[in-house]
Amino acid sequence: EGFSRLWRGTNASLALAIPTVGIYLPCYDIFRNYMEELANEKAPYLTPYAPLLAGSFARSIACISCYPVELARTRMQAFTETHADVKPPGVWKTLIGVGSPVRNASNFRTLHSYRVLWTGVGAQLARDVPFSAICWATLEPMRRRIIGLAGDEASAGMILGANFSAGFVAGILAAAATCPLDVARTRRQIERDPKRQINMTTRQTLIEIWRDGGWKGLFTGIGPRVARAGPSVGIVVSFYEVVKHALHQRRITE
């Protein structure tokens, strides 16, 4: 299909990453700070669970808000047209194409055509919420311990290294643990039958995958997924925290 096809869906990935990170990480900080303050006042033994819950809530909000773009990205990456003179559809055309078969096939109300833009959102939440919970429950104590070694005078370089290291490890563990849910999500998103698009559930999809391929089917693509998740989490979290640190230092100096 050509070397350039390896980057199929890059535009959709960028269109997805910016709003997702913009919603996800600030929401996580807000929820975590609130939950930790509340737990310290009323139930100190629950404080260690604040990152887990905050990550779950923040990811749910970001996932639901940006899901149509995530659906378009997956469809674009699964595009099978191999003719050299045919260009894969863009984000907008892909989203239109997702809704069109539903209207043409069953004369569903317009509401259903909008609903199909969230096809597989249950599978996405079933994957992203546990991923986020595992990730932050691992990342938060790890980075705090590393930064704690530097004391109160942690530099930007120390913050970058601590967050990247903790994010790298947390991303790998979370990706490996949630791989079956990612396989189910992808299968639901690339389903072409309009009725199955709406009626499929995550549980049914996992059963089908197990029946067709067993453990091997459930963990299809675990290598690339783990290889991508570790650096991705490390890079996003570390740069976000460095920018926060720089803005905080600038505010202090002013």
Side-chain angles (χ1 to χ4, degrees), residues 16-67 70 118 121-156 158-179 181-182 185 202 229-252:
L16 174 67
I18 294 173
T20 298
V21 173
I23 295 171
Y24 179 37
L25 295 182
C27 283
Y28 169 75
D29 281 343
I30 293 170
F31 290 148
R32 183 202 60 205
N33 292 338
Y34 174 76
M35 291 179 181
E36 286 183 341
E37 290 177 4
L38 187 65
N40 287 332
E41 292 177 2
K42 299 185 177 181
Y45 63 92
L46 294 177
T47 302
Y49 299 101
L52 185 151
L53 294 174
S56 299
F57 288 137
R59 190 64 193 181
S60 297
I61 294 173
C63 177
I64 294 172
S65 301
C66 303
Y67 186 76
E70 168 68 25
W118 276 265
V121 69
Q124 181 83 5
L125 288 170
R127 185 210 60 170
D128 279 9
V129 172
F131 178 93
S132 188
I134 295 170
C135 185
W136 287 110
T138 306
L139 189 155
E140 195 67 57
M142 189 180 300
R143 73 175 175 184
R144 286 181 178 178
R145 182 168 297 182
I146 296 173
I147 294 174
L149 297 175
D152 297 331
E153 299 298 327
S155 64
M158 183 66 177
I159 292 173
L160 178 69
N163 280 279
F164 181 81
S165 301
F168 188 89
V169 174
I172 288 175
L173 293 176
T178 59
C179 185
L181 296 171
D182 187 51
R185 174 193 67 94
T202 302
S232 295
V233 174
I235 291 170
V236 171
V237 173
S238 59
F239 276 90
Y240 173 75
E241 292 297 329
V242 167
V243 170
K244 277 175 54 182
H245 174 75
L247 293 175
H248 179 68
Q249 292 299 319
R250 181 178 179 181
R251 182 179 178 184
I252 292 176

**Prompt:** How are the rings of Trp136 and Tyr28 set to each other: parallel, tilted or perpendicular (split at 30° and 60°)?
**Reply:**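 Geometry flag for Tyr28 against Trp136: parallel rings.
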**Request:** Answer yes if the side chains of Asp29 and Tyr240 hold a donor-acceptor pair under 3.5 Å, and no otherwise.
**Result:**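 Judged by distance alone, the side chains do pair up.
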Do you know the tightest heavy-atom contact between [X] and [Y]?
| X | Y | result |
| --- | --- | --- |
| Met158 | Ile147 | CE-CA, 4.3 Å |
| Arg32 | Ala54 | N-CB, 3.4 Å |
| Ser60 | Val129 | OG-CG2, 3.3 Å |
| Gly171 | Val233 | CA-CG2, 3.9 Å |
| Ala39 | Leu46 | CB-C, 4.2 Å |
| Phe164 | Pro231 | CE1-O, 4.2 Å |

**Request:** Count the heavy atoms belonging to other residues, nucleotides or ligands that lie under 6.0 Å from CZ of Arg144, then report whether that count exceeds 12.
**Result:**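 More than 12 within 6.0 Å, yes.
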**Prompt:** Is it the case that more than 12 heavy atoms not belonging to Phe57 sit under 6.0 Å from its CZ atom?
**Reply:**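 Open: at most 12 neighbouring heavy atoms sit under 6.0 Å from CZ of Phe57.
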[X] (side chain) donor-acceptor with [Y] (main chain) under 3.5 angstrom:
| X | Y | value |
| --- | --- | --- |
| Ser165 | Ala162 | no |
| Ser65 | Ile61 | yes |
| Ser132 | Gly55 | yes |

Tell me, do [X] and [Y] make a side-chain contact under 4.5 Å, heavy atoms counted?
| X | Y | value |
| --- | --- | --- |
| Ile146 | Asn163 | no |
| Glu140 | Leu52 | no |
| Leu125 | Ile64 | yes |
| Arg143 | Val237 | yes |

[atom1]/[X] to [atom2]/[Y] distance, rounded to the nearest 0.5 angstrom?
| X | Y | atom1 | atom2 | result |
| --- | --- | --- | --- | --- |
| Ser238 | His245 | OG | NE2 | 13.5 Å |
| Lys42 | Thr47 | NZ | OG1 | 13.0 Å |
| Leu38 | Asn33 | CG | CG | 12.5 Å |
| Thr178 | Arg127 | OG1 | CZ | 6.5 Å |
| Leu25 | Thr20 | CG | OG1 | 10.0 Å |
| Gln249 | Ile252 | CD | CD1 | 4.5 Å |

**Evaluation steps, side-chain contact (heavy atoms from CB on, under 4.5 Å), between Asp128 and Leu181** = CA-CA 9 Å; Asp128 279 9; Leu181 296 171; over 6 Å; no
**Message:** I'd like to know whether Leu149 forms a side-chain contact (heavy atoms from CB on, under 4.5 Å) with Arg145, so could you lay out the CA-CA distance, the side-chain angles of the two residues, the decisive distance to 0.1 Å, and finally the verdict.
**Reply:** CA-CA 7 Å; Leu149 297 175; Arg145 182 168 297 182; 5.5 Å; no
